[in-house]
Every structure is written in structure tokens, then in C-alpha cells.
2 protein chains.
Amino acid sequence: MSVTESVQSVESTTAPRGKDRYTISEVAALTGLTAHTLRWYERIGLMPHVDRSHTGQRRFTERDLGWLAFVGKLRLTGMPVADMVRYAELVREGDHTHAERRALLESTRSDVVRRIAELQSTLAVLDLKIDHYGTICGGVSP
Amino acid sequence: MSVTESVQSVESTTAPRGKDRYTISEVAALTGLTAHTLRWYERIGLMPHVDRSHTGQRRFTERDLGWLAFVGKLRLTGMPVADMVRYAELVREGDHTHAERRALLESTRSDVVRRIAELQSTLAVLDLKIDHYGTICGGVSP
DNA sequence: TAAAAGGTTGGAGTGCACTTCAAGCAAGTA
DNA sequence: TACTTGCTTGAAGTGCACTCCAACCTTTTA
């Protein structure tokens, strides 16, 4: 659940540690995504290029898991998949896209800040309503 | 932007103030929803019952606007439309559904709290990444 | 080695929340 | 009264993010 290791290193390291040949169903179990979704991510260009075994089956690396963890965070922000694909493209294009990547993340960041504020305002409304219905069953009511 | 007047009173007052016969396009302008969406909301049972003119055109009241404001808040929480419809049904069924309504709002409330936490964790990741790209253009960088 | 479990593909299907369409009535202005 | 703008309906269409299917190949277990 922590904001981990590999997320930061996805684009900058080349020597991951530990097991490095995960099957699609192992990755599905680890990420909570379905195998279908993982294949779909690859097809639309949201994965950096996944290794294959000599018979053509996918073999994911730690690096891929790190990327998926980051994508998972982006997904939580509500960022459209198309934008995530754009970001993935920028990563593939190399270092000269740093500025654009940063801009994309910053605009995402402000969306998130706005969403948090919205949610907090809905929380206020919900609390008013809930109060209004009274704390009938099991509350530590004053 | 405030958590207003009518929202709280939707289910408990009967004497709204001010103009009380809004056409569908006026309501569209006021709420930001389209006329299409307003008709759709009515069809699926998300509206409390909208008045009609003698020729059959919709005439919305302040009360309806209050309800739509509340629905807007629920929508911001990400609550599925089906659940909002369920809530609307409970309101129509009368006072004996207070407990169930409260339960529904409380479960929505905890979803919101969870969403806020999720968003805050994504914010942390975004900030790490953004930092990582460096504050190149216009930052007050240390 | 045979069966079961798991992997591959392109393409079609699903569920949600609208959104648009077609065809016709209603309301306000010159 | 003619014209324009707006409202009515049911039904079909859209875009997103998956999700499932059929037919076939690979890997693991008994």
C-alpha cells in the first residue's frame, strides 16, 4: 500500500531485483487487473513493451509491475486512458519529453486537488443530511 | 459554491420562495445539465415528479432545483445513478424510509472518505514524480 | 502420455451515463 | 398569420473502459 520503490525508478533504473519473469495471471493477481485488461493495456500502447517467452507468452518484469503501479495511481485520479497512453508515448520517446511529461503530471495534479475539494464539499452536504436524519441506531448521540 | 439553502429543505419544507415555474431550458442553464439529461433523469425515476403546464410542458419548481443540486453533489461522489434512483424512491415512499436513507448516505459518505484518501495518496506519487522531473521553468527552486 | 489449466489472437459484446434523432406540437415575435 | 424558437416523445446511437468469445497453442500435474 505504500508509495513504493519501483514507481519512482520505472524510467530511470535498469537493474530490478527479485523474480523477473511473471506470467500474465501472476501479474493479474498482483495488480488486481484482469489478464484481459493487461493484454488490452498492451494493445492500446499503455505498456512499455512486454517481453515474451520463446513460445510467445508474455513475461512481465519488476519494471512492468512498477509501471502498472504508477498507472494504477493515474487511474485513481480519473485520468482518461487516452492521456495515460499519451504519457506512455512520451516515456518511450525519451528524455527530451521531460518537460511535456511534467506538464501533463502537473495538470493532473491540479485536477486531483480540485477533485479533493469537490469531495470535501460533498462530504459537508452528506454530513448535514445525515445529521438531519438523526443518529437513531447505535450512535454516541448527544 | 456554498452548501445551500434548498438542498437541506428539499424533503422537509413545502413553501419555497421566488419564481417557481422554470422551463426545462432555464433549469438546464441553471444546473449545467442538458435538457436531454433532465428528461432522462425524470424517465429513470431520479426526479420527484415534475409539474406540467396545461399543454404538457415541464415546469420545474425551486424544490426541483434543490433536489437537482443535491443530486449533483451525489453525482460528484461517483455514486452510480441506480443508487441515486434508489434514494429518490425512498424519498417518495415517505418518512418510514429515513433509516434506510441514512444508511445509504452513510455508506456513500465512507466511499467519499476513502476516495479522498486515495486521491491524497496519488497526490503524493504525483509530487514525487514532478519533483523528479525537476522544477525547470519558473519554480522557486532551492 | 493424457488431461487440465493456462496462454495466444482479433473481434465482438457489455454497462454506464448520457446524447442524438425524427417527427410533431407549443410559444413568442413581426 | 407566418415564422422562428422551444418543448414533447420513444428509440437508437455514442464514448469510455473494460470484458468476453471462439479457436487454438503451451505448460503443468497425475
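Basis for what follows: all heavy atoms, side chains included, without hydrogens, waters or symmetry-related copies. In what follows, chains are A, B, ... by sequence order, proteins preceding strands, each numbered from 1.
A straight line from CG of B:Leu74 to C1' of C:dA17 spans 15 Å, rounded to a whole angstrom. Distance B:Arg43 CZ to C:dA17 C1': 12 Å, rounded to the nearest Å. Atoms CG (A:Leu33) and P (D:dC18) sit 8 Å apart, rounded to a whole Å. As rounded to whole Å, 11 Å separates atom P of C:dC16 from atom CD1 of B:Ile44. Between B:Leu46 atom CG and C:dC16 atom P there is a gap of 15 Å when expressed in whole angstrom units. B:Arg21 has its CZ atom 16 Å from the P atom of C:dA26, to the nearest Å. At whole-Å resolution of the value, CG in B:Leu38 and P in C:dT19 are 11 Å apart. For A:Arg39 and D:dC25, the CZ to C1' distance is 13 Å, given to the nearest whole Å.
A:Arg59 comes within 4.0 angstrom of no nucleic acid atom, judged by non-hydrogen atoms across all strands.
Salt bridge A:Glu106/A:Arg109: absent, no basic N to carboxylate O contact under 4.0 Å. A salt bridge is defined here as a Lys NZ or Arg NE, NH1 or NH2 lying under 4.0 Å from an Asp or Glu carboxylate O, and B:Glu118 with B:Arg115 meets this definition. Between B:Arg86 and B:Asp83, no side-chain nitrogen of the basic residue sits less than 4.0 Å from a carboxylate oxygen of the acidic one, so the salt-bridge criterion is not met.
In this structure, B:Gly45 and B:Ala88 approach most closely via the heavy-atom pair O-CB, 3.6 Å. Considering every non-hydrogen atom in both B:Val85 and B:Ile44, the closest pair reads CG1-O, 3.5 Å.
Distances from the side chain of B:Gln57 to the nucleotides C:dA17, C:dT9, D:dT8 place D:dT8 closest. Side chain of B:Thr55, nearest nucleotide from C:dA17, D:dA17, C:dA27: C:dA27. The side chain of B:His54 lies closest to C:dA27 when the candidates are C:dG7, D:dC18, C:dA27. Of the candidate nucleotides C:dA27, D:dG10, D:dT19, D:dT19 has the atom nearest to the side chain of A:Thr34. When each of D:dT27, C:dC18, D:dC18 is scored by its nearest atom to the side-chain atoms of B:Val81, the top-ranked nucleotide is C:dC18. Of the candidates C:dT9, C:dC21, D:dA17, D:dA17 carries the atom nearest the A:Trp40 side chain, counting heavy atoms from C-beta on.
Within the 4.0 Å cut-off from OP1 or OP2 of D:dA17, not a single side-chain nitrogen or oxygen of A:Arg75 is found. Residue A:Tyr41 has no polar side-chain atom (N or O) positioned under 4.0 Å from OP1 or OP2 of D:dA17. Side-chain N/O atoms of B:Ser53 include none lying less than 4.0 angstrom from OP1 or OP2 on C:dA26.
A heavy atom lying under 4.0 Å from DNA chain D marks the following residues of residues 24-32 of chain B, by number: B:Ile24, B:Ser25.
Toward the 5′ end of DNA chain D lies the nearest nucleotide of B:Arg58, the other residue of the pair A:Gly78 and B:Arg58 mapping further downstream. Mapping A:Arg52 and B:Thr37 onto DNA chain C via the closest heavy atom, the residue that lands nearer the 5' end is A:Arg52.
Between the side chain of B:Glu100 and the backbone N or O of B:Thr97, no donor-acceptor pair lies under 3.5 Å.
Atoms CG and CZ, from A:Asp131 and B:Arg102 in turn, are 9.5 Å apart once rounded to the nearest 0.5 Å.
In this model, a donor atom of one side chain and an acceptor atom of the other lie less than 3.5 Å apart for A:Thr61 and A:Asp64.
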